[in-house]
Protein chains: 2
Amino acid sequence: MSGDRQMIAMDRHDALAMVAGVAFGRVVFTDQALPAIRPVNHVIDDESVIIRTHLGSALSAVTGSSEVGVVAYEADDIDPDKRLGWSVVITGMAEAIEDEATVARYEEILRPWVSRPMDRVIRIVPKIVSGFWLAESRGA
Amino acid sequence: MSGDRQMIAMDRHDALAMVAGVAFGRVVFTDQALPAIRPVNHVIDDESVIIRTHLGSALSAVTGSSEVGVVAYEADDIDPDKRLGWSVVITGMAEAIEDEATVARYEEILRPWVSRPMDRVIRIVPKIVSGFWLAESRGA
């Protein structure tokens, strides 16, 4: 196993850029008072995380009708052998996008892994953005 | 982009085996009423997920003193280009391991990414185990 590692904090700009550079992450929410998590693909648009979810899913309940809910969104790329990589966590409000033209635009660029007849497009507006790099310790 | 994909549910045995086959995942918990998530490395021992966490971390608050808390643990391996892979979510009770011999044994086999002077060993006992494969649709 290789040498010591350190965690180096990322600033907001770098953190959002790292998430934008990968195709998927994991949305974290509360489902009937229990912590829940689902992997989904995403696009980043003007600092917001755009995802699609099935209408019947637990996440849809978080953003049901005009409600918004607090979620976290995580993406990472970590090499467990080298113990190098990064992770970013975005915490913010999730809201269902209602505007039809906007929904149509995102549906063009964001294809869900599994096609389903009805889904909705969710925007997560970042409030807290944190991230770190796992890097080699200096002098190690 | 390749053809249609389907989600195929995994049974508990397969789901735990997939998590055991990778080195790390993400622990999901509630931190001051907000959804929180941290990537960590793990070992699976007798169906439980064993992780280490820094004493000062938010996760330690979930398992503080003799309390136990509900967490989710997620691992996945998804190829976003091929849209093939798997994801498993384990929901269960997280408890700090207090027995010194057990702690010492896990500390031998579970080395945290970043060494810190004090940490604790957490056991997540699975209650709900769910997982899916993203697979090519039959006949697609």
Side-chain angles (χ1 to χ4, degrees), chain A residues 1 3-8 22-42 54 62 69-92 94 111-116 127-128 130-132 134-135 137 140, chain B residues 1 3-8 22-42 54 62 69-92 94 111-116 127-128 130-132 134-135 137 140:
Chain A
M1 213 179 288
D4 278 352
R5 295 291 176 264
Q6 60 179 335
M7 291 169 99
I8 301 172
V22 296
F24 79 103
R26 297 146 200 99
V27 60
V28 176
F29 54 102
T30 301
D31 178 20
Q32 296 176 309
L34 291 177
I37 174 169
R38 299 285 177 274
V40 287
N41 51 348
H42 66 249
H54 185 236
V62 173
V70 177
V71 303
Y73 195 79
E74 193 263 2
D76 59 48
D77 186 8
I78 293 170
D79 182 325
D81 294 320
K82 293 181 180 163
R83 295 183 298 135
L84 294 172
W86 59 270
S87 167
V88 167
V89 178
I90 294 166
T91 307
R111 192 167 159 211
W113 288 326
V114 177
S115 297
R116 280 175 172 158
K127 189 90 180 169
I128 308 165
S130 65
F132 64 83
L134 273 179
S137 291
Chain B
M1 216 180 289
D4 277 353
R5 295 290 177 263
Q6 59 179 335
M7 291 170 100
I8 301 172
V22 294
F24 79 103
R26 298 145 200 99
V27 60
V28 176
F29 55 102
T30 301
D31 177 22
Q32 295 177 309
L34 291 177
I37 176 169
R38 299 285 177 275
V40 287
N41 51 350
H42 65 249
H54 184 236
V62 174
V70 177
V71 302
Y73 195 78
E74 193 263 1
D76 59 49
D77 187 8
I78 293 170
D79 182 325
D81 294 322
K82 294 180 180 163
R83 295 184 296 135
L84 294 173
W86 59 270
S87 167
V88 167
V89 178
I90 294 167
T91 307
R111 191 165 161 213
W113 289 325
V114 177
S115 297
R116 281 174 170 154
K127 190 89 180 169
I128 307 166
S130 65
F132 64 83
L134 273 179
S137 291

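Below, read A as the first sequence line, B as the second, and so on, with proteins coming before strands; counting in each chain starts at 1. In what follows, every heavy atom counts, from backbone to side chain, and hydrogens, waters and symmetry copies are set aside.
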Enquirer: Apply side-chain contact (heavy atoms from CB on, under 4.5 Å) to A/Arg26 and A/Asp76, showing your working.
Expert: CA-CA 9 Å; A/Arg26 297 146 200 99; A/Asp76 59 48; 3.7 Å; yes

Enquirer: Side chain, backbone, both or neither: which part of B/Ile78 has an atom under 4.5 Å from a heavy atom of chain A?
Expert: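 Looking at B/Ile78, backbone and side chain both touch chain A.
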
Enquirer: From B/Phe24 CZ over to A/Asp79 CG, what is the distance, rounded to the nearest 0.5 angstrom?
Expert: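 Going from the CZ atom of B/Phe24 to the CG atom of A/Asp79 covers 8.5 Å.
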
Enquirer: Between A/Ile37 and chain B, with a heavy-atom cut-off of 4.5 Å, which part of the residue counts as in contact: side chain, backbone, both or neither?
Expert: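 For A/Ile37, backbone and side chain are both near chain B.
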
Enquirer: Need one label for A/Val89: side chain, backbone, both or neither, based on atoms under 4.5 Å from any heavy atom in chain B.
Expert: side chain

Enquirer: Chain B heavy atoms under 4.5 Å from A/Ala36: which part of the residue, side chain, backbone, both or neither?
Expert: backbone

Enquirer: Please identify each residue that fulfils side chain to side chain donor-acceptor pair (under 3.5 Å) with A/Asn41, with sequence neighbours left out.
Expert: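 Side chain to side chain donor-acceptor pair (under 3.5 Å) check on A/Asn41 returns nothing, list empty.
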
Enquirer: Do A/Val22 and A/His42 come within less than 4.5 Å of each other through their side chains, counting heavy atoms only?
Expert: yes

Enquirer: So which of B/Leu84, B/Thr91, B/Leu134 has the largest heavy-atom pair count under 4.5 angstrom toward chain A?
Expert: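 Most pairs with chain A among the choices: B/Leu134.
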
Enquirer: Report yes if some heavy atom in the side chain of B/Pro35 is under 4.5 Å from a heavy atom in the side chain of A/Val70; otherwise report no.
Expert: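 The answer is yes; the side chains approach within 4.5 Å.
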
